[in-house]
> 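I'd like to ask some things about the structure below.
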Amino acid sequence: MDFNVKKLASDAGVFFSRAVQFTEEKLGQAEKTELDAHFENLLARADCTKNWTEKILRQTEVLLQPNPSARVEEFLYEKLDRKVPSRVTNGELLAQYMTEAANDFGPGTPYGKTLIKVGETQRRLGAAERDFIHSASINFLTPLRNFLEGDWRTISKERRILQNRRLDLDACKARLKKAKAAEAKAAAEHELRLTQTEFDRQAEVTRLLLEGINSTHVNHLRCLHEFVESQTNYYAQCYQYMLDLQKQLGRFSGTFVGNAESTSPAAATSPPAVAAATVPAVPTIPVVPTIVGVPNTVAEGVLNPNEVKPPASGTRKARVLYDYEAADSSELALLADEMITVYSLPGMDPDWLIGERGNQKGKVPVTYLELLS
């Protein structure tokens, strides 16, 4: 490789002279052309925008991908201009484990059925998370990254050029002051006019770029609204999926409690207990004394609505919290916010009550009700 010795020497000389000039400016021994207050405000605003954009970008990446090694991997793939490999979300991986466990335990067992239901919900949550990450990356992270890698680099480049033009201008002013001879003064004045023109032109270019920060804020504001909308939709989906799962588990609660009581003393940790813990505390209805003439069909697990009569006392009004679809003819379908009459019978599962609506009656889950005084 051929080296231009003269150019290297010239560049080294310019670098050395500017280093001396910077030092003299710091010490107050050299004249420094000051920018107007508006220009300085534009520079400060641009620096502030760059710094906070970097912080917001980094923390959003941490929010969307908490795994540091995964973030490094994605960064390397982007720099190599290669497609980032598809990665299974934590929810989807949990769903896979639950489904495999259900197959081993027996998909027909209460535990296996619950694992399958919960696993399916986890899979849907994982898919929703994947969609949210993809949407946030395109609509929010990409514009922030494009600003830092595009507009800000251009601004930084023009600012460096402006700084060099200012140093050249101040050097010309210093030479003009030192010039004694008329011919030297004339040459210094001519050089100063050219340098001043270049400085003014570069200052105007840089000013226009800095004023474009306002447009950047408007664009980032729009992207922020889209990010919030994506996040809102994601959490709404998650809430709906979990609400549906809670309803599905509520339908199995009677069966699960029966199996738990017959096989293990660990009934306290059965799914109904978990489901009941997720809703507001519900006042209990005292079990009324045995009513003569009423078959003890509830204790046997089979309810014939036509044979059930309400007790003389102990009935209460209840407001339905969620829609409930009856699993069989012994249950009563519910609609959210409707009012029904409820009561308990001897030997009845405490997680269930008898509900009446007009001439319709059937079992209803306690967790779907708000008992009123």
Side-chain angles (χ1 to χ4, degrees), residues 15 18-19 21-28 30 32-81 84 129 132-170 198-232 234-235:
F15 176 80
R18 285 181 174 169
Q21 189 174 355
F22 268 121
T23 303
E24 291 177 346
E25 287 178 354
K26 293 294 183 182
L27 297 175
K32 178 181 178 181
T33 300
E34 298 292 344
L35 301 170
D36 60 82
H38 176 64
F39 201 100
E40 292 290 351
N41 289 334
L42 290 176
L43 289 173
R45 183 178 175 83
D47 289 334
C48 183
T49 300
K50 179 256 186 181
N51 293 334
W52 283 113
T53 301
E54 285 182 334
K55 292 180 180 180
I56 293 173
L57 174 64
R58 286 197 299 267
Q59 193 57 40
T60 306
E61 290 175 336
V62 172
L63 173 68
L64 299 179
Q65 180 52 267
N67 188 342
S69 61
R71 293 200 302 273
V72 172
E73 181 183 359
E74 292 175 356
F75 175 78
L76 292 177
Y77 272 98
E78 290 177 359
K79 291 302 179 183
L80 295 174
D81 198 19
V84 180
E129 180 185 6
F132 166 59
I133 292 175
H134 179 71
S135 175
S137 177
I138 293 178
N139 298 327
F140 189 59
L141 291 183
T142 298
L144 298 185
R145 195 176 289 113
N146 288 343
F147 164 73
L148 293 174
E149 297 178 355
D151 295 348
W152 180 253
R153 287 187 178 180
T154 302
I155 292 174
S156 299
K157 176 184 175 182
E158 297 302 329
R159 286 177 65 177
R160 287 193 299 269
I161 296 175
L162 178 63
Q163 180 76 330
N164 292 332
R165 294 288 184 267
R166 184 192 67 78
L167 292 172
D168 293 340
L169 178 62
D170 291 340
E198 292 179 357
F199 172 78
D200 293 341
R201 183 186 299 113
Q202 185 60 37
E204 184 62 23
V205 171
T206 307
R207 184 193 303 272
L208 292 175
L209 289 174
L210 293 175
E211 290 176 347
I213 292 294
N214 291 330
S215 299
T216 299
H217 285 189
V218 173
N219 182 42
H220 289 181
L221 175 62
R222 177 183 58 80
C223 297
L224 185 60
H225 278 283
E226 293 179 355
F227 172 71
V228 171
E229 183 178 357
S230 298
Q231 197 170 29
T232 302
Y234 167 60
Y235 285 120

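What you are looking at is a predicted structure, and each value in this text was computed from that prediction instead of being measured.
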> Could you grab the distance from atom CG of L210 to atom NE2 of H38, nearest 0.5 Å is fine?
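That separation rounds to 9.0 Å.
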> Can you measure from CG (N219) to CG (N146) and round to the nearest 0.5 angstrom?
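One gets 9.0 Å once the value is rounded to the nearest 0.5 Å.
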> Could you check whether E149 pairs with R153 (Lys NZ or Arg NE/NH1/NH2 to Asp/Glu carboxylate O, under 4.0 Å)?
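No, E149 and R153 are not salt-bridged.
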> May I ask you to decide whether K50 forms a salt bridge with D151, counting only side-chain N to carboxylate O separations under 4.0 Å?
no
> Do the side-chain N and O atoms of Q163 and R166 include a donor-acceptor pair separated by under 3.5 angstrom?
yes
> Does NE2 belonging to H134 count more than 12 external heavy atoms closer than 6.0 Å?
no
> Decide, yes or no, whether a salt bridge links E61 with R145 under the criterion of side-chain N to carboxylate O below 4.0 Å.
yes
> In terms of ring plane angle, is the pair F140 and F227 parallel, tilted or perpendicular, where the classes change at 30° and 60°?
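The rings of F140 and F227 lie parallel, inter-plane angle below 30°.
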> Using the salt bridge (charged side-chain N to carboxylate O under 4.0 Å, His left out) criterion, which residues pair with E226? Sequence neighbours excluded.
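With neighbours one apart ignored, the set is R222.
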> Any carboxylate oxygen within less than 4.0 angstrom of a Lys/Arg side-chain nitrogen, looking at D170 and R165?
no
> Do V218 and N214 pass the side-chain contact (heavy atoms from CB on, under 4.5 Å) test, and can you show the C-alpha distance, the side-chain angles, and the key distance before you say yes or no?
CA-CA 6 Å; V218 173; N214 291 330; 5.8 Å; no
> To the closest 0.5 Å, what do you measure between CZ (R201) and OG1 (T206)?
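Answer rounded to 0.5 Å: 12.0 Å.
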> Taking the side chain as every heavy atom from C-beta outward, state whether L63 and Q231 have any pair of such atoms under 4.5 Å apart.
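Yes; the side chains approach each other to less than 4.5 Å.
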> If you compare all heavy atoms of T142 against all heavy atoms of I138, which two are closest, and at what distance to 0.1 Å?
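Looking at all heavy atoms of both residues, the closest pair is CB-O, 3.5 Å.
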> Under a 4.5 Å cut-off applied to non-hydrogen side-chain atoms, are L64 and F132 in contact?
yes
> With heavy-atom distances below 4.5 Å as the criterion, would you say the side chains of R159 and D47 are in contact?
yes
> Do C48 and W52 have side chains that get closer than 4.5 Å, going by heavy atoms?
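Yes, at least one pair of side-chain atoms sits under 4.5 Å.
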> Find out whether L221 and H217 are in side-chain contact, i.e. whether some heavy atom of one side chain is under 4.5 Å from a heavy atom of the other.
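No, too far: nothing below the 4.5 Å cut-off.
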> Side-chain contact, heavy-atom cut-off 4.5 Å: L162 with R207?
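A side-chain contact under 4.5 Å is absent here.
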> Are any non-hydrogen side-chain atoms of L144 and E54 less than 4.5 angstrom apart?
no
> Within the structure provided, determine whether I213 and F147 are in side-chain contact (heavy-atom separation under 4.5 Å).
yes
> Closest approach of S230 and N139, non-hydrogen atoms and distance?
OG-ND2, 4.4 Å
> How long is the straight-line distance from OG of S156 back to CD1 of I161, given to the nearest 0.5 Å?
11.0 Å
> Can you tell me if E40 has over 12 outside heavy atoms packed within less than 6.0 Å of its CD?
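Yes, enclosed.
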> Please round to the nearest 0.5 Å and tell me the distance separating atom CZ of R58 and atom OG1 of T53.
10.5 Å
